[in-house]
Amino acid sequence: MSRRILIQFAVRQELAPFARLFRRSGRQKGLAGYESFTCEVGDFTVMAIAGGMGARAAGSALRAVFTAWSPDMVVMAGVAGALDPDLCIGDLVIATDLVAPPVHWTVPIVPSHRKGVHRGVILSIDRVLVSPADKRHARSEAGGTPLAVEMESAAVARAATEAGVPWAAVRAISDTAADCLPLDFNRFRGRNGDLAVGRVALAAATHPAAIPGLLRLGRHTDIASASVASFLLEWLESGGDTVY
């Protein structure tokens, strides 16, 4: 019997490389009006969805899915910022533990992995860490162990746990621990937490010095998203094995 798995990304740019593997645009309006598509991979029926950036959007999207579809597992996937200074652009990080202070989860599903994938603690907080100093401080406050930081997995963990659905978190690095982001993206988030792209574009137009950094971040996000997509396909085709 086919197992049903939801793979949730934050935004279209993260979903797109996975969609292209199945010759999908990733722009189809699917369940609950979210950009999504469904496909068959090995023993899995897979729904991939772009649920929005940040904790509020991610939690709302997953609960919307649960009202109409019943996945056997959920994977929160996409990009992350490195907290470990040894991590490079495109490096994969699979969560064994998720920290959203003061909450600490032991992740119920840890996908098996090929050589070179990092396993460990991921920090999930609902804000963008802009500078290397921000990243060092956040890592220290979280006990010094997190490898990477992102914004959605804590909300997904809560919603999935409430629904009794096991979950995982798979991320790839889009900015290193030494990188400073070209803008403070926290200033351009809307009420639901999503990034207001028009406001970012206006900020870039009025601060042209930020444009090279934005282009570089875009390229790095594409590299990281492609890394995640490749891993997920390999993992699903191999049967979705897990380690504990």
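Computed from a predicted structure; not experimentally measured. Note: hydrogens, waters and symmetry copies are ignored here, and every other heavy atom, side chains too, is used.
- Taking the side-chain contact (heavy atoms from CB on, under 4.5 Å) definition, one finds that Ala57 meets it with Asp194, sequence neighbours left out.
- The CH2 atom of Trp167 lies 10.0 Å from the CZ atom of Arg158; values are rounded to the nearest 0.5 Å.
- Among residues two or more places apart in sequence or in another chain, the side-chain contact (heavy atoms from CB on, under 4.5 Å) test is passed with Arg189 by Met53, Asp126, Met151, Asn186, Leu195.
- Listed for the Ser227 side chain is a donor-acceptor partner under 3.5 Å among the backbone atoms of Gly90.
- Of all the heavy atoms in Tyr34 and Ala50, the pair that sits closest is CD2-O, 3.5 Å.
- Minimum interatomic distance between Leu183 and Ala210 (heavy atoms only, all atoms of both residues): CD2-CB, 3.9 Å.
- Hydrophobic clustering, with ILVMFWY side chains joined whenever heavy atoms are under 4.5 angstrom apart, groups Phe9 together with Leu92.
- The two residues Leu83 and Ala177 make their nearest non-hydrogen contact at O-CB, 3.8 Å.
- Partners of Glu141 by salt bridge (Lys or Arg N to Asp or Glu O under 4.0 Å), not counting sequence neighbours: none found.
- Contact check for Asp72 versus Leu6: no side-chain heavy atoms found under the 4.5 Å cut-off.
- Minimum heavy-atom separation, Val228 to Ala172: CG2-CB, 3.5 Å.
- At a threshold of 4.5 Å between side-chain heavy atoms, the hydrophobic network of Ile, Leu, Val, Met, Phe, Trp and Tyr places Leu214 and Val128 in one connected group.
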With a 3.5 Å cut-off and sequence neighbours excluded, list the donor-acceptor pairs that the side chains of residues 218-226 form with protein atoms.
from: Thr221; atom 1: OG1; to: Leu217; atom 2: O; distance (Å): 2.9
from: Asp222; atom 1: OD1; to: Gln13; atom 2: NE2; distance (Å): 2.9
from: Ser225; atom 1: OG; to: Thr221; atom 2: O; distance (Å): 2.8

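- Under a hydrophobic clustering in which Ile, Leu, Val, Met, Phe, Trp and Tyr are joined whenever their side-chain heavy atoms come within less than 4.5 Å, directly or via other members, Val149 and Val130 fall into different clusters.
- Note that the NE2 atom of His118 and the CD1 atom of Ile173 stand 8.0 Å from one another [nearest 0.5 Å].
- Shown here are the side-chain contact (heavy atoms from CB on, under 4.5 Å) partners of Ser70, two or more places apart in sequence or in another chain: Arg4.
- Looking at every heavy atom in both residues, Ile7 comes nearest to Ala77 through CG2-CB, 4.0 Å.
- Under the rule for a side-chain hydrogen bond (donor to acceptor under 3.5 Å, both in side chains), the partners of Glu152 that lie at least two apart in sequence or sit in another chain are Arg171.
- Taking every heavy atom of both residues into account, Phe231 and Ser112 meet most closely at CZ-O, 3.3 Å.
- Through side-chain heavy atoms spaced under 4.5 Å, either directly or across other Ile, Leu, Val, Met, Phe, Trp or Tyr residues, Val79 is tied to no other residue.
- Scored by the side-chain contact (heavy atoms from CB on, under 4.5 Å) test, Ala133 finds Ser131, Arg136 as partners (sequence neighbours excluded).
- In this structure, Glu237 has no side-chain hydrogen bond (donor to acceptor under 3.5 Å, both in side chains) partners at least two apart in sequence or on a different chain.
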Can you give each donor-acceptor pair under 3.5 Å made by side-chain atoms of residues 93-110, sequence neighbours left out, with the distance rounded to 0.1 Å?
from: Thr96; atom 1: OG1; to: Gly120; atom 2: O; distance (Å): 3.3
from: Asp97; atom 1: OD2; to: His104; atom 2: NE2; distance (Å): 3.0

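- Between Ser238 atom OG and Asp43 atom CG the span is 10.0 Å, to the nearest 0.5 Å.
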Q: Test side chain to side chain contact (heavy atoms under 4.5 Å, CB included) on Val75 and Gln8 and set out the steps.
A: CA-CA 6 Å; Val75 177; Gln8 183 167 328; over 6 Å; no
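- Cluster membership check: Ile49 shares its hydrophobic cluster with Val165, using side-chain heavy-atom separations under 4.5 Å among Ile, Leu, Val, Met, Phe, Trp and Tyr.
- In this structure, Phe18 and Phe22 have perpendicular ring planes: the angle between them is above 60°, well past the 30° mark.
- Between the side chain of Glu14 and the backbone N or O of Ala10, at least one donor-acceptor pair lies under 3.5 Å.
- Rounding to the nearest 0.5 Å gives a distance of 12.5 Å between CG of Leu129 and CZ of Arg139.
- A donor-acceptor contact shorter than 3.5 Å links the side chain of Ser124 to the backbone of Ala154.
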| Pair Cys39-Val41, side chain to side chain contact (heavy atoms under 4.5 Å, CB included): steps then yes or no | CA-CA 7 Å; Cys39 60; Val41 186; 4.0 Å; yes
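- In this structure the side chain of Asp175 reaches within 4.5 angstrom of the side chain of Leu181, judged on heavy atoms.
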Donor-acceptor pairs under 3.5 angstrom involving side-chain atoms of residues 59-69: please list them, not counting sequence neighbours.
from: Ser60; atom 1: OG; to: Arg56; atom 2: O; distance (Å): 3.0
from: Arg63; atom 1: NH1; to: Gly59; atom 2: O; distance (Å): 3.4
from: Arg63; atom 1: NH2; to: Glu162; atom 2: OE1; distance (Å): 3.4
from: Thr67; atom 1: OG1; to: Ala64; atom 2: O; distance (Å): 2.6

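- A donor-acceptor pair under 3.5 Å links the side-chain atoms of Lys135 to the main chain of Asp179, judged by distance alone.
- Taking CD of Glu35 as the reference point, atom CZ of Arg12 lies at 4.0 Å (rounded to 0.5 Å).
- Separating the CG atom in Leu87 from the CG atom in Leu147 is a distance of 6.0 Å, to the nearest 0.5 Å.
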